[in-house]
Amino acid sequence: KTTGFEVNVNKTKMLIQSRRNPRQTGEISMEGDGIEIAEDFMYLGSKFHKDGEENHEITRRIKLANDAYFSLLSVFRSKDIHRAIKTKIYKTMIRPVLYCGCEGWTLNKKEESVINFFERKILRRIYGPIKENGIWRIKYNKELYKLYREPEISVTIKLKRLQWAGHLQRIDKERIPKKILYSTTGGRRRAGKPRTRWIDEVEEDAKKLMGVRNWKRAAQDREEWMGLVREAKARHRALAP
């Protein structure tokens, strides 16, 4: 008010991550009524939910990628288009829709399974069944990825997250993303098992996928870090299930 700015109540929404009603507990203190407390909202192409969980955005991304797949279904069904072209279409027009913004995700086992299942559905459409002893059957996962020659999409997401983590580690400490990464929040933790932190996932992925224990030190050299990411991708391409 001292600078002449006012909040337009009709255009304002609030998203508060709390198990309690923020109006009843006094967590919100703003003059005037009519401000909508939203359960979720879109920001820079990603959905944020009041419970702080990322499964809402992951589910939305899978649906968008599925819509993109069905819009191209006639292409994937066509017998006149080579497998290599179909694979390239998947990589350039469907897969990016799925993992857009994935650098900030923390995936649990169930979410990894759902994402990988979606990818295999498309790969089975591309590569078709196999005839064995006179009987047609769908290809096993190992057979699919041997033809696809790429890691599972969950591994690709983890590598993209590692790439972004290296960038965060190198930027100036005064930058907002760096401050958010190493900031802590006050208050009491809710009962039950704590959520897996993003930085813990990065540390675990660096050990499992790249064989790096001190990822923060390795990420200081951009060329070395990018080389480790490319090496991990090549290694897991060869070891694809």
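Atoms considered below: every heavy atom in the structure, side chains included; atoms not considered: hydrogens, waters and symmetry mates. Quick caveat: nothing in here was measured; it's all calculated off a predicted structure.
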Does NZ or CZ of Lys139 fall inside the cone over Tyr127's six-membered ring, less than 6.0 Å from its centre and within 45° of the axis?
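That pair does not qualify as a cation-pi contact.
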Nearest 0.5 Å, please: how far is [atom2] in [Y] from [atom1] in [X]?
{"X": "Glu57", "Y": "Ile62", "atom1": "CD", "atom2": "CD1", "result": "10.5 Å"}
{"X": "Tyr140", "Y": "Ile130", "atom1": "OH", "atom2": "CD1", "result": "9.0 Å"}
{"X": "Ile94", "Y": "Ser71", "atom1": "CD1", "atom2": "OG", "result": "7.0 Å"}
{"X": "Thr87", "Y": "Ile126", "atom1": "OG1", "atom2": "CD1", "result": "4.5 Å"}
{"X": "Ser46", "Y": "Met42", "atom1": "OG", "atom2": "CE", "result": "6.5 Å"}
{"X": "Lys86", "Y": "Arg77", "atom1": "NZ", "atom2": "CZ", "result": "11.0 Å"}

State whether [X] and [Y] are salt-bridged, where the test is any N-O pair (Lys NZ or Arg NE/NH1/NH2 against Asp/Glu carboxylate O) under 4.0 Å.
{"X": "Arg197", "Y": "Glu201", "result": "no"}
{"X": "Lys178", "Y": "Glu174", "result": "no"}
{"X": "Glu204", "Y": "Lys207", "result": "no"}
{"X": "Glu203", "Y": "Lys216", "result": "no"}
{"X": "Asp205", "Y": "Arg161", "result": "yes"}
{"X": "Lys47", "Y": "Glu39", "result": "no"}

Do [X] and [Y] have side-chain heavy atoms sitting under 4.5 Å apart?
{"X": "Cys102", "Y": "Lys160", "result": "yes"}
{"X": "Glu150", "Y": "Lys91", "result": "yes"}
{"X": "Arg125", "Y": "Leu73", "result": "yes"}
{"X": "Glu112", "Y": "Asn108", "result": "no"}
{"X": "Leu228", "Y": "Trp215", "result": "no"}
{"X": "Thr59", "Y": "Lys63", "result": "no"}

Where [X] and [Y] come nearest, the two heavy atoms and their spacing:
{"X": "Asn116", "Y": "Tyr145", "answer": "O-OH, 4.4 Å"}
{"X": "Pro151", "Y": "Glu119", "answer": "O-OE1, 4.3 Å"}
{"X": "Arg235", "Y": "Leu209", "answer": "NH2-O, 2.5 Å"}
{"X": "Leu159", "Y": "Ala232", "answer": "CD2-CB, 3.8 Å"}

Okay, side chain of Ser78, backbone of Ser74: is any donor-acceptor separation there less than 3.5 Å?
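It does not hold such a pair.
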Donor-acceptor check, side chain of Arg170 to backbone of Ala219, threshold 3.5 angstrom: yes or no?
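Yes, Arg170 side chain to Ala219 backbone: donor-acceptor pair under 3.5 Å.
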Decide whether [X] and [Y] meet the rule of one side-chain donor and one side-chain acceptor closer than 3.5 Å.
{"X": "Tyr148", "Y": "Glu143", "result": "no"}
{"X": "Arg124", "Y": "Asn141", "result": "yes"}
{"X": "Lys110", "Y": "Asn55", "result": "no"}

Linking I/L/V/M/F/W/Y whenever their side-chain heavy atoms sit closer than 4.5 Å, directly or via other members, would [X] and [Y] fall into one cluster?
{"X": "Leu44", "Y": "Leu64", "answer": "no"}
{"X": "Leu107", "Y": "Val229", "answer": "no"}
{"X": "Val97", "Y": "Ile58", "answer": "no"}
{"X": "Phe117", "Y": "Ile115", "answer": "no"}
{"X": "Leu181", "Y": "Trp105", "answer": "no"}

Verdict with supporting geometry, Phe41 and His49, side-chain contact (heavy atoms from CB on, under 4.5 Å)
CA-CA 7 Å; Phe41 72 95; His49 198 269; over 6 Å; no
One pair to check against side-chain contact (heavy atoms from CB on, under 4.5 Å): Tyr90 and Leu72. What are the steps and the verdict?
CA-CA 9 Å; Tyr90 164 65; Leu72 296 166; over 6 Å; no
Do you know which of Met210, Gln169, His167 makes side chain to side chain contact (heavy atoms under 4.5 Å, CB included) with Trp225?
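Passing option: Met210.
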Yes or no on side-chain hydrogen bond (donor to acceptor under 3.5 Å, both in side chains) for Glu54 and Thr106, after CA distance, side-chain angles and deciding distance?
CA-CA 7 Å; Glu54 290 154 344; Thr106 52; 2.7 Å; yes
Test Glu152 against His236 for side-chain contact (heavy atoms from CB on, under 4.5 Å), laying out the working first.
CA-CA 8 Å; Glu152 289 180 297; His236 286 274; over 6 Å; no
Could you go through the side-chain contact (heavy atoms from CB on, under 4.5 Å) check for Glu103 and Ile157 one step at a time?
CA-CA 7 Å; Glu103 292 84 355; Ile157 289 173; over 6 Å; no
